[in-house]
Amino acid sequence: MNLPDSLIALQRAADDAGRRIEHLDDSERPAQRESWFRAAAAVQAAVTAYADAHGLDHFEVEKQLRQTVRHLPRREEWSG
């Protein structure tokens, strides 16, 4: 399954938002957690729309997206 860059970017943004929570103090965490939840909800909505539009299983699309994001180098890591 070849997923669109827009889905990959949404998943990366959600992952990044989740990782930011680890580096914040207690007063900053609630706002960042809300940002993370919104980003994750956007990913879920986009995955559902993509799966529905292409007649695919939502969970398979989500699984492939997570595997792709974990194994695909970020644009800034590309050499060349």
Side-chain angles (χ1 to χ4, degrees):
M1 180 181 330
N2 194 9
L3 298 173
D5 290 343
S6 59
L7 278 180
I8 293 168
L10 281 173
Q11 183 65 56
R12 282 192 169 152
D15 291 350
D16 289 347
R19 278 191 290 276
R20 276 188 221 111
I21 293 171
E22 300 169 10
H23 305 288
L24 300 176
D25 64 38
D26 289 339
S27 66
E28 298 170 314
R29 282 192 183 117
Q32 184 58 37
R33 189 174 292 117
E34 181 63 32
S35 177
W36 178 33
F37 288 157
R38 283 193 307 271
V43 171
Q44 288 301 308
V47 166
T48 298
Y50 181 83
D52 288 349
H54 293 87
L56 300 169
D57 180 75
H58 173 276
F59 297 106
E60 288 299 319
V61 173
E62 185 176 14
K63 178 182 170 184
Q64 182 64 44
L65 178 59
R66 290 180 186 273
Q67 289 174 347
T68 299
V69 169
R70 286 184 190 131
H71 296 104
L72 187 65
R74 291 177 176 269
R75 204 173 287 268
E76 61 269 15
E77 295 171 355
W78 292 355
S79 60

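Start at 1 with the first residue, then count along the sequence. Heavy-atom basis, side chains included; hydrogens, waters and symmetry copies ignored. As the structure is a computational prediction, the values presented were derived from the model and not from experiment.
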Legend entry - Reference residue Gln11; test side chain to side chain contact (heavy atoms under 4.5 Å, CB included); the match among Val43, Asp16, Val47: Val43

Inset, instruction - Please report the shortest heavy-atom distance between Ala14 and Ala39, naming the atom on each side. - result: CA-CB, 3.7 Å

Inset, instruction - May I have all residue pairs that pass side chain to side chain donor-acceptor pair (under 3.5 Å) and include part of residues 40-59, sequence neighbours excluded? - result: Gln44-His58, Gln44-Glu62, Thr48-His58

Inset, instruction - Under the side-chain contact (heavy atoms from CB on, under 4.5 Å) rule, collect the residues that match up with Ala46, sequence neighbours excluded. - result: Leu7, Leu10

Legend entry - Residue list, side-chain hydrogen bond (donor to acceptor under 3.5 Å, both in side chains) with Arg29, at least two apart or on another chain: Asp26

Inset, instruction - Only counting residues at least two apart or in another chain, list the ones meeting side-chain contact (heavy atoms from CB on, under 4.5 Å) with Arg38. - result: Glu34, Ser35

Legend entry - Counterpart residues, side-chain contact (heavy atoms from CB on, under 4.5 Å), relative to Asp25 (two or more places apart): Ser27, Glu28

Legend entry - Straight-line distance of Arg70 CZ to Arg12 CZ, nearest 0.5 Å: 12.5 Å

Inset, instruction - Hydrophobic side-chain clustering at under 4.5 Å (ILVMFWY, transitive links): who's grouped with Ile21? Put none if nobody. - result: Trp36, Phe37

Legend entry - Nearest non-hydrogen partners of Leu3 and Thr68, listed with the distance: CD1-OG1, 4.2 Å

Inset, instruction - Check step by step if side chain to side chain contact (heavy atoms under 4.5 Å, CB included) holds for Gln67 and Lys63. - result: CA-CA 6 Å; Gln67 289 174 347; Lys63 178 182 170 184; 3.5 Å; yes

